[in-house]
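So the structure is just underneath, and the comments pick up after that.
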There are 2 protein chains.
Amino acid sequence: MAIKFDAALGTSVVVFAFDGENLISLVGAKSEEPYRGAPMLPTNWVKANESVEDVAKRMMTRVLGMDQIYLEQLNAFARVYRNPMGRVVNIAYYALLNWDEVKNIKLQEGYRWVRNGEEPEMIFDHNEIYEMATERLKRRVKRRPIGFVLLPQRFTFNNIHALYQACLGKELDKRNFRKKFMRSELLIDTEETIFEAPGNKKPSRLYEFNQQKYEKLTLKGYDFKF
Amino acid sequence: MAIKFDAALGTSVVVFAFDGENLISLVGAKSEEPYRGAPMLPTNWVKANESVEDVAKRMMTRVLGMDQIYLEQLNAFARVYRNPMGRVVNIAYYALLNWDEVKNIKLQEGYRWVRNGEEPEMIFDHNEIYEMATERLKRRVKRRPIGFVLLPQRFTFNNIHALYQACLGKELDKRNFRKKFMRSELLIDTEETIFEAPGNKKPSRLYEFNQQKYEKLTLKGYDFKF
DNA sequence: TCAAAAGTGTTATCGCTACACCCATGG
DNA sequence: CCATGGGTGTAGCGATAACACTTTTGA
């Protein structure tokens, strides 16, 4: 049987950031007919000689002007009729990035940030892709320190506490959370403090992520159970 | 930008079974040039109007004469040069099935069963696909009762103990394993016994999987920690 | 009665959960 | 001196891990 090269390839990226309170993600809009203007995930065609991940990365650079983004393959979305124009396989990724680095970027026409849970109805199966990304994030955050990617290099305990609550979508006891995290030794106490919000009465301690410790831990795998 | 439909689509399936002692999987051989005869995972082209999962299922039916197989999407393998003939995206699945139902099937030319860890070097990135499947199985077996799919409807405690050891690749204390499993109430004691191996001195009790209990459990999610 | 595999319990330790008050500071 | 948010400790409970002997039965 001869090979038929008759499918098209695309990639979408679900971009997550954390603004200190909510997970935020990036929604674009379709720039061509059909459905011009309709909300969609940032998406790009992949040519036959292009690496999917490279295309996804370049798209991030184009849209956000950022290199060096945490990207992970989510899944292939390949239903026959997901795109009415023909057989399009979408290999979707999710990306995590630091809100401080992107919040002031002027987005291109059609792009905007939305809070998790407030994403619009999107074209094709993009809501399904989005959903799978939030589920993946929920699982990953328990087993790998990807949370740190969403935070600035130095952060307060309240930052990371709020982040985990946002990712997992539930409240976590402050003391227990702190104990568990401290036991893991994944945080380095910088012994410096800041006032987290202007007008706060007491300064907060700043922490950093302990990369070395993490690398040792991963060898035998680890679990947070929240 | 016009869509270019210039990629080909394929699907491979990593088939697992359990023979009472080892995980077993199915390896095929390439039937056409180039690389005719080279070991590969069971693989099929997917046409532009076909569902990937349907193709994977039909391939299982063709190769093993079985319908109703547990299938789960693994990942998309899409590196540019993974297939030297052109851009081929492989959406891979893994399948779990019952050894008793397949061990006597006469396989087609080129197909054979291999023990986990003794799989041959395969074409393209098929070893990578295989590897990812075993990792996935390892994770899944802790969180979902997929083990039961690999066992006959009624099985002894030793069967399931050996299965978990094979999936996880390590020894598990017999008593602790039994306690944990019993606590979960996922097993029904049929109160019948068999001699597991001919010549055994003491008969073993037979158990069944408790589907209802599992469905209740899944609602809130569950974890085995082995 | 012995050989072989099946099956069974206890203890110490650890991690989880739930829960409420003190501390430092700026106004 | 008080209002605000940051930061801390304990007790009970359930799960885990480590560990070795008894039971059943056919030969």
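Below, chains carry the letters A, B, ... as their sequence lines are ordered, and counting in each starts from 1.
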(message) Going by side-chain contact (heavy atoms from CB on, under 4.5 Å), name the residues that satisfy it together with B:E72, two or more places apart in sequence or in a different chain.
(response) B:Y70, B:Y94, B:R136, B:R140, B:R144
What nucleotide among [options] has an atom nearest to a side-chain atom of [X]?
| X | options | result |
| --- | --- | --- |
| A:K174 | D:dG7, C:dC16, C:dG26 | D:dG7 |
| A:R178 | D:dT25, D:dA3, D:dT8 | D:dT8 |
| A:N200 | C:dC16, C:dT8, D:dG6 | D:dG6 |

Is a donor-acceptor pair below 3.5 Å formed from side chain [X] to base [N], judging by atom type as modelled?
| X | N | answer |
| --- | --- | --- |
| B:K179 | C:dT10 | yes |
| B:R175 | D:dA20 | yes |
| A:K180 | C:dG15 | no |
| B:N176 | D:dA18 | yes |
| B:K202 | D:dT23 | yes |

Nearest whole angstrom, please: distance from the [atom2] of [N] to the [atom1] of [X].
| X | N | atom1 | atom2 | answer |
| --- | --- | --- | --- | --- |
| B:I194 | C:dA6 | CD1 | P | 10 Å |
| B:F195 | C:dA3 | CZ | P | 19 Å |
| A:K201 | D:dC1 | NZ | C1' | 13 Å |
| A:H161 | D:dG5 | NE2 | P | 16 Å |

(message) Let me confirm one number: the CG-CG distance from A:L41 to A:L26, rounded to the nearest 0.5 Å.
(response) 9.0 Å
(message) A cation-pi test, strictly: NZ or CZ of B:R178 under 6.0 Å from the centre of the six-membered ring of B:F157 and no more than 45 degrees from its axis. Yes or no?
(response) yes
(request) Tell me which of B:D173 and A:K225 sits closer to the 5' end of DNA chain C, going by the nucleotide each one is nearest to. (result) B:D173
(message) Under a 3.5 Å distance rule, please check whether A:T190 uses its side chain to pair with a backbone N or O of A:L206 as donor and acceptor.
(response) yes
